[in-house]
Novice: 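The structure's right below; bear with me while I get my questions together.
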Amino acid sequence: MTGTRMENNRQVPRFPERWDPAWIGRRRQLEVKRLGYCGESDPTHRPSLPWPYRLFKIGLKLSGLYRRGHRNFQQIRLTRIEHSIGEWPPYLDGYRILQISDLHADLDPCFLDPLCRVLADIEADITVLTGDFWEGSNSEFSTALAAMERLLNTLPLSRHGRFGVLGNHDPAALGARLEEMGIRMLINESVTIEADGAAFALAGIDDAYYFRLHDINSAASTIPDGLPRILLSHSPQVAAEAEAAGFQLMLSGHTHGGQVCLPGGYSLVRMEVVPGPLFKGRWRHGSLKGYTTTGAGACHVPVRFNCPAEVVLHTMRSPA
């Protein structure tokens with residue numbers, strides 16, 4: 001059940017009943033502390049653009065590079081990847097998973113038209129969205145939700161639905177609203193997807209990078225034995241935990257591939273908690289295979305250099 005109610009003269013959402021109340025309470029506490037976010041309609045507590053990014057944006061404009069970076073930001077490509085995992089059923093050979101990540105949909109509306117053009121003709125069996133729907137700098141998330149509504153109206157329906165996880169920019173209330181819009185938000189839980197006489201498990205966890213309320217073991221606990229396991233995690237930093245829990249494939253985002261890179265793709269931004277091999281593109285951690293997308297949008301400043309934005313169509317292959 002979703003919707004809103006009043007609390008201390010503020011609107012707060014009615015969260016889906018399956019969401020753990022203890023998780024909701026802790027998440028909301030951390031959102032006040034870390035995002036400055038106090039409710040669904042709270043314009044007085046909005047995070048502003050951090051000053052290093054303000055200086056970066058000013059520097060780009062003074063150097064004449066901003067327009068080039070902004071054009072790059074609007075050039076979104078479709079990346080096609082194939083994965084073969086040992087337990088993938090032959091009946092689902094060729095199964096297509098569309099991954100969209102890191103939209104930061106309120107940052108700059110300019111990317112919506114090219115993004116919708118890319119998405120309009122993609123045929124997929126399931127769509128997954130791996131977090132950071134909201135940028136949050138000087139905007140309420142209703143702006144991001146309006147962009148999401150347009151995007152979802154453009155996106156062809158996937159026969160097995162749309163699923164998502166929260167990112168480090170996303171309050172739980174936004175997740176509740178996305179559920180109302182038809183995206184099943186997986187909060188430390190899993191679902192079984194049945195198709196063509198076969199099945200696999202799709203699990204999702206809360207943000208592990210910023211809020212650290214992820215629980216992979218809880219997400220895996222209800223998966224029947226023998227099912228192939230795919231995990232959605234906003235940040236790829238949990239690869240070791242995912243492998244230990246028996247997942248065969250993990251799809252992530254968060255890093256933007258660096259967003260601003262030197263020629264050749266070397267990122268000027270690194271994250272200590274995300275090991276280099278997991279930072280961008282296809283990777284492997286023991287028995288776990290994974291992909292970290294560069295994302296469809298941009299963070300804080302709507303520019304990209306030597307790091308194209310992407311949506312990813314993953315095609316699953318059963319072993320030969």
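These numbers come from a predicted model, not from an experiment. What's counted below: heavy atoms across the whole structure, side chains too, no hydrogens, waters or symmetry copies. Counting begins at 1 with the first residue of the sequence.
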Novice: What closest approach, in Å, do Thr222 and Ala219 show between heavy atoms, and which atom pair accounts for it?
Specialist: OG1-O, 4.3 Å

Novice: What I want to find out is whether Glu123 reaches Arg159 closely enough, with some N-O distance under 4.0 Å, to be called a salt bridge.
Specialist: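 So Glu123 does not pair with Arg159 through a salt bridge.
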
Novice: Working to the nearest 0.5 Å, report the span between CD1 of Ile76 and SG of Cys116.
Specialist: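 That separation rounds to 9.0 Å.
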
Novice: How many angstroms lie between CG in Leu152 and CD1 in Ile100, if you round to the nearest 0.5 Å?
Specialist: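 It is 8.0 Å, given to the nearest 0.5 Å.
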
Novice: Using a 3.5 Å distance criterion without hydrogens, assess whether the side chain of Asn306 forms a donor-acceptor pair with backbone atoms of Cys261.
Specialist: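 Yes, the answer is positive, given that a donor and an acceptor are paired below the 3.5 Å cut-off.
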
Novice: Is there side-chain contact between Asp20 and Asp215, with heavy atoms separated by less than 4.5 Å?
Specialist: no

Novice: Decide whether Ile230 and Val312 are clustered together by the hydrophobic rule: side chain heavy atoms of Ile, Leu, Val, Met, Phe, Trp, Tyr closer than 4.5 Å, transitively.
Specialist: yes

Novice: Any chance you could measure Tyr209, atom OH, to Ser252, atom OG, to the nearest 0.5 Å?
Specialist: 14.0 Å

Novice: Are more than 12 heavy atoms, taken from residues, nucleotides or ligands other than Arg80, located less than 6.0 Å from that residue's CZ atom?
Specialist: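 Counting other residues, nucleotides and ligands, CZ of Arg80 stays at 12 neighbours or fewer.
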
Novice: Testing the 3.5 Å rule here: is there a donor-acceptor pair between the side chains of Thr293 and Glu310?
Specialist: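 Thr293 vs Glu310: donor-acceptor pair found between side chains.
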
Novice: Please indicate whether Arg282 has more than 12 foreign heavy atoms, meaning atoms of other residues, nucleotides or ligands, lying under 6.0 Å from its CZ.
Specialist: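 Yes, enclosed.
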
Novice: Would Leu155 and Thr127 count as a side-chain contact (heavy atoms from CB on, under 4.5 Å) here? Give the steps.
Specialist: CA-CA 9 Å; Leu155 188 64; Thr127 299; 3.9 Å; yes

Novice: Determine, stepwise, if the pair Ile183 / Phe163 fulfils side-chain contact (heavy atoms from CB on, under 4.5 Å).
Specialist: CA-CA 5 Å; Ile183 302 173; Phe163 297 84; 5.6 Å; no

Novice: Salt bridge or not between Glu31 and Arg28? Use side-chain N to carboxylate O under 4.0 Å.
Specialist: no

Novice: Hey, which of Leu313, Val128, Leu129, Leu232 is the one that makes side chain to side chain contact (heavy atoms under 4.5 Å, CB included) with Gln99?
Specialist: Val128

Novice: Looking only at atom types and distance, does a side-chain atom of Asp170 sit under 3.5 Å from a main-chain N or O of Phe133, one as donor and one as acceptor?
Specialist: yes

Novice: Specify the closest pair of heavy atoms between Ala195 and His160, including all atoms of both residues, with the distance to one decimal.
Specialist: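 Taking every non-hydrogen atom into account, CB-CE1, 3.1 Å.
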
Novice: Treating Glu179 as the side-chain partner and Met185 as the backbone partner, does any N or O pair qualify as donor plus acceptor under 3.5 Å?
Specialist: yes

Novice: Donor-acceptor pair, distance only, cut-off 3.5 Å: does the side chain of Asp206 make one with the backbone of His214?
Specialist: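 Flag not set: sc Asp206 to bb His214 has no pair under 3.5 Å.
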
Novice: When rounded to the nearest 0.5 angstrom, what distance separates CD1 in Ile85 from CZ in Phe247?
Specialist: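 The CZ atom of Phe247 is 11.5 Å from CD1 of Ile85, to the nearest 0.5 Å.
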
Novice: Return yes if some donor-acceptor pair links the side-chain N/O of Thr292 with the main-chain N/O of Leu278 below 3.5 Å, else return no.
Specialist: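 Confirmed, Thr292 side chain pairs with Leu278 backbone.
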
Novice: How far apart are the closest heavy atoms of Val238 and Ala208, and which atoms are they?
Specialist: CG1-CB, 3.5 Å

Novice: Taking it one step at a time, do Asp125 and Ser158 satisfy side-chain contact (heavy atoms from CB on, under 4.5 Å)?
Specialist: CA-CA 5 Å; Asp125 297 294; Ser158 304; over 6 Å; no

Novice: Ignoring hydrogens, what is the shortest heavy-atom contact between Ala199 and Thr192? Give both atom names and the distance.
Specialist: CB-CG2, 4.0 Å

Novice: Counting C-beta onward and ignoring hydrogens, is there a side-chain heavy-atom pair between Arg229 and Phe200 closer than 4.5 Å?
Specialist: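 Answer no - side chains too far apart.
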
Novice: Quick one: does Pro89's side chain get under 4.5 Å of Ser318's, heavy atoms only?
Specialist: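 With C-beta onward as the side chain, the pair stays apart.
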
Novice: Would you give the length of the straight line joining atom CD of Glu135 to atom CG of Asp108, rounded to the nearest 0.5 angstrom?
Specialist: 10.5 Å

Novice: Quick one: does Arg150's side chain get under 4.5 Å of Leu112's, heavy atoms only?
Specialist: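 They are in side-chain contact.
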
Novice: When clusters are formed by joining ILVMFWY residues with side-chain heavy atoms under 4.5 Å apart, either directly or through shared neighbours, do Leu186 and Leu174 land in the same one?
Specialist: no

Novice: Kindly indicate, with the supporting measurements, whether the criterion side-chain hydrogen bond (donor to acceptor under 3.5 Å, both in side chains) is fulfilled by Glu189 and Ser218.
Specialist: CA-CA 6 Å; Glu189 60 183 316; Ser218 178; over 6 Å; no

Novice: Measure the shortest side-chain to side-chain distance between Leu92 and Asp196 over non-hydrogen atoms and say whether it is less than 4.5 angstrom.
Specialist: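 Contact flag for Leu92/Asp196 side chains = yes.
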
Novice: Rounded to the nearest 0.5 Å, what's the gap from CZ on Arg317 to CH2 on Trp88? Could you check?
Specialist: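 Rounded to the nearest 0.5 Å, the CZ-CH2 separation comes out at 11.5 Å.
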
Novice: Any sub-3.5 Å donor-acceptor pair from Thr294's side-chain atoms to Pro308's backbone N or O?
Specialist: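 Yes; judged by distance alone, with no hydrogens or angles, the pair exists.
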
Novice: Using a distance-only test with no angle check, is there a side-chain donor-acceptor pair under 3.5 angstrom linking Gln248 and Ser287?
Specialist: no

Novice: Which class fits the ring pair Trp134 and Phe141: parallel under 30°, tilted 30 to 60°, perpendicular over 60°?
Specialist: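 If you compare the ring of Trp134 with that of Phe141, the planes turn out perpendicular.
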
Novice: Are Phe15 and Leu178 linked, directly or through other ILVMFWY residues, by side chains that come within less than 4.5 angstrom of each other?
Specialist: yes

Novice: Would you say the side-chain atoms of Asn168 and His234 include a donor-acceptor pair closer than 3.5 Å?
Specialist: yes

Novice: Say whether, by atom type as modelled, one donor and one acceptor occur between the side chain of Gln74 and the main chain of His70 under 3.5 angstrom.
Specialist: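 Answer holds: yes.
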
Novice: Answer with yes or no whether the hydrophobic clustering places Leu65 together with Ile58; edges join I, L, V, M, F, W, Y residues whose side-chain heavy atoms lie under 4.5 Å apart.
Specialist: no

Novice: For a ring-ring contact (aromatic ring centres under 6.0 Å, His included) check, start with the C-alpha distance between Tyr95 and His83, then their side-chain angles and the critical distance, and finish with the verdict.
Specialist: CA-CA 10 Å; Tyr95 193 88; His83 304 277; over 10 Å; no

Novice: Please confirm whether the backbone N or O of Phe305 pairs with a side-chain atom of Asn72, one donor and one acceptor, at under 3.5 Å?
Specialist: no

Novice: His104 and His256: aromatic ring centres closer than 6.0 Å?
Specialist: yes

Novice: Heavy atoms, side chains only, cut-off 4.5 Å: are Leu231 and Leu251 in contact?
Specialist: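 They are not in side-chain contact.
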
Novice: For Asp132, does its backbone N or O pair with a side-chain atom of His169 as donor and acceptor, under 3.5 Å?
Specialist: no

Novice: I want to check something: taking the side chain as every heavy atom from C-beta on, are Val311 and Leu115 in contact at a cut-off of under 4.5 Å?
Specialist: yes

Novice: Between Asn188 and Leu213 (side chain of the first, backbone of the second, donor and acceptor by atom type, cut-off under 3.5 Å), is there such a pair?
Specialist: yes

Novice: Indicate the atoms forming the closest heavy-atom contact of Trp23 with Ala172, along with that distance.
Specialist: CH2-CB, 3.8 Å

Novice: Do Leu78 and Ile122 have side chains that get closer than 4.5 Å, going by heavy atoms?
Specialist: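 Side chain of Leu78 against side chain of Ile122, heavy atoms only: contact under 4.5 Å found.
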
Novice: Tell me whether Leu151 shares a hydrophobic cluster with Leu107, the cluster being built from Ile, Leu, Val, Met, Phe, Trp, Tyr side chains joined at under 4.5 Å.
Specialist: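 In one cluster: no.
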
Novice: If you count the non-hydrogen atoms of other residues, nucleotides and ligands that lie under 6.0 Å from CZ in Arg77, is the total more than 12?
Specialist: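 Enclosed: over 12 neighbouring heavy atoms sit under 6.0 Å from CZ of Arg77.
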
Novice: Can you see whether Phe211 has Arg27 sitting over its ring - NZ or CZ less than 6.0 Å from the centre and within 45° of the normal?
Specialist: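 So Arg27 does make the cation-pi contact.
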
Novice: Angle class for the Tyr53/His300 ring planes (parallel below 30°, perpendicular above 60°, tilted otherwise)?
Specialist: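 Tilted, since the angle between the ring planes falls between 30° and 60°.
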
Novice: Evaluate the criterion side-chain contact (heavy atoms from CB on, under 4.5 Å) for residue pair Leu249 and Met316; output intermediate values, then yes/no.
Specialist: CA-CA 10 Å; Leu249 178 66; Met316 303 301 297; 3.8 Å; yes

Novice: If every non-hydrogen atom of Pro277 is compared with every non-hydrogen atom of Trp283, which pair is closest and at what distance?
Specialist: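 Nearest heavy atoms, Pro277 then Trp283: O-CB, 3.2 Å.
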
